[in-house]
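Presented below is the structure to which this report refers.
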Amino acid sequence: MKYSEFFIPTLKEVPSDAEIISHKLMIKAGMIKQSSAGIYSWLPLGLKVLKNIESIIREEQNNVGANEMLMPTIQSADLWIKSGRYDDYGKEMLRINDRSGREMLYGPTNEELITDIFQTYVTSYKELPKNLYHIQWKFRDELRPRFGVMRGREFLMKDNYSFDLNEDAAKISYNKMFKAYIKTFLRMGLTPISLRADTGPIGGNLSHEFQILANTGESTLYYDQELESLDPESLDPDKLQSYYAAVDDQHDPKKCPIAKEDLKISKGIEVGHIFYFGTKYSEKLNAYVQDHNGKQVNVHMGSYGIGVSRLVGALIEANHDDKGIKWPKSVAPFKLSIVNLMSDDLNCNTKSLEYYSYFMKENIDTLYDDRNCSIGKKLSDNDLIGTPIQIIIGKRDLAAGVIEIKDRILDKTEKIQIDDVKKVALKKLKS
RNA sequence: CGGGGAGUAGCGCAGCCUGGUAGCGCACCUGGUUUGGGACCAGGGGGUCGAAGGUUCGAAUCCUUUCUCCCCGACCA
């Protein structure tokens, strides 16, 4: 993509609305525009990141046999009345009447709908286990939306629902998902910490929340330091779940089972939550199958959420400096910037275009900064929008036979002999 | 929902106390000069001051009502 053809309205000054760093940077980098409290438009650059995050999540979900589908944002109140949640959900649920006065709602979650879909089609234990998910916008009319997309009223969420014959089978499904979650966050360059979460009144139920480490996070985490260096190839959910990890109000230094030197304290942001809740919804919404003996049994369900739009903010909280965003390569909107410092110089143009077409052919999502503006603006814009690898082409360097390559994440630049530029850049991009 | 704060040009702000018909920086447009870290000079365009009502000869400014947004708290992906 040529910068001159792309819509990235970067700002020098940020609207006074924004308070936390990720929100400021998202506005500054032209990723989002607020529409009303807790509701945002996603501009092209922001959308690219959102899509990159989505596709990592999608790949890891599909890898463990989850089925992607898409349910509507607007739901009829009927199923919610059946499940009893139409009253329970309170003011957080956005209620709407259609033209004939029927009660509708903008879905805050999808247990009711999915259970209804399941019970329509599945009648035998032979079809289990099943795991269905979708990535869809939700709406929760929060008491107080804040922190930009980290706590919006409208937000994009990946939610799955697992269906199993009994509790043991459901726990296998649960652990599969657990593992997929850890892998997903690791691929985004994040450090996930899983914590056993409170599940409320129904005993025997299981729930974990997933936080990622970020200095500016909302919660304070106490955890075994081994959780910081997980090997995705040898992930064992049971072992992982046995490590110590707690948020500050659950952490009691006297009862902490691990040695002080192994205990780490850090700030975290919650980006995912998984639950096993047994037959809670399958009973109310008549989701049952026939077992081996021909007996009707309610299916055991779990639900699994990842805050996709929240992750965009969380990733920035975890990866930035005073110049802007430092995207991990896996989610970066552009992997490579070619910064042409002198857009009316023939040599600079020729070289820039050569690299641009080369890296596009190599399937590298490349931003070619061909704008006719000052050097300072180009360099600072590319730093702000956080392209991890930048090739900086200037008249002076070209005359000296070199080109500069910047690693935005390490914040290091080096001068490379012109003949080596493609090779070096490719190597950095793949590392 | 309780407590605090803010709405004046696209963005950041001043003006309000003490009423006299709106200003600065950035951005934008034109011309020129520049070019290795958000350029410089000259010229220029853009605002019914969140909305409604009231007081007054006259309201951004005073009074009333209302809407919106932000921050702190309780709740959450």
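Convention: sequence-line order gives letters A, B, ...; per-chain numbering from 1. What's counted below: heavy atoms across the whole structure, side chains too, no hydrogens, waters or symmetry copies.
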Heavy atoms only, 4.0 Å cut-off, all strands: where does A:Lys406 land among base, sugar-phosphate and nothing? base

Compare all side-chain heavy atoms of A:Lys267 with those of A:Leu221 and state whether any distance is below 4.5 angstrom. no

Protein-nucleic acid N or O pairs under 3.5 Å, nucleotides 27-35 of chain B:
unit_1, atom_1, unit_2, atom_2, d
B:U35, O4, A:Asp344, OD2, 3.2

Taking the six-membered ring for Trp and the single ring otherwise, decide whether the centroids of A:His23 and A:Phe147 are under 6.0 Å apart. no

Where along residues 34-65 of chain A does a heavy atom fall under 4.0 Å from RNA chain B? A:Gln34, A:Ser36, A:Ala37

For A:Lys377 and B:A39, give me the distance from atom NZ to atom P, rounded to whole Å. 8 Å

Partner of B:U30 by Watson-Crick or G-U wobble geometry, both contacts under 3.5 Å, or none? B:A42

With the sugar-phosphate defined as primed atoms, P, OP1 and OP2, and the base as all remaining atoms, what B/S/- string results for nucleotides 72-77 of chain B, 5' to 3', for protein heavy atoms under 4.0 Å? BBBBBB

Can you confirm if the NZ or CZ of A:Lys48 lies within 45° of the ring axis of A:Phe334 and under 6.0 Å from the centre of its six-membered ring? yes

Is A:Lys138 positioned over the aromatic face of A:Tyr106, cation under 6.0 angstrom from the ring centre and no more than 45 degrees off axis? no

Acceptor/donor pairs from residues 299-314 of chain A side chains to any protein atom, 3.5 angstrom cut, sequence neighbours excluded:
unit_1, atom_1, unit_2, atom_2, d
A:His300, ND1, A:Tyr276, OH, 2.7
A:Ser303, OG, A:Glu111, OE2, 3.3
A:Tyr304, OH, A:Ser162, OG, 2.7
A:Ser309, OG, A:Leu156, N, 2.8
A:Arg310, NE, A:Met150, O, 2.8
A:Arg310, NH1, A:Glu270, O, 2.7
A:Arg310, NH2, A:Met150, O, 3.0

Give a yes/no verdict on a cation-pi contact between A:Arg95 and A:Tyr86, requiring under 6.0 Å between NZ or CZ and the six-membered ring centre and an angle within 45° of the axis. yes

Closest approach of A:Leu213 and A:Ser266, non-hydrogen atoms and distance? CD2-OG, 3.7 Å

Flag the pair A:Lys33 / A:Trp42 as yes when at least one side-chain heavy-atom distance between them is below 4.5 Å, and no otherwise. no

Letter per nucleotide, 5' to 3', of nucleotides 5-15 of chain B [B base touched, S only sugar-phosphate touched, - untouched; heavy atoms, 4.0 Å]: ------BSS--

Residue pairs involving residues 55-82 of chain A (criterion ring pair (Phe, Tyr, Trp, His ring centres under 6.0 Å); sequence neighbours excluded): A:Trp80-A:Tyr89

Here the distance between atom C1' of B:G36 and atom CD1 of A:Ile391, to the nearest Å, is 17 Å

Contacts of A:Pro145 and A:Ile393 projected onto RNA chain B by closest heavy atom; the upstream (5') one is A:Ile393

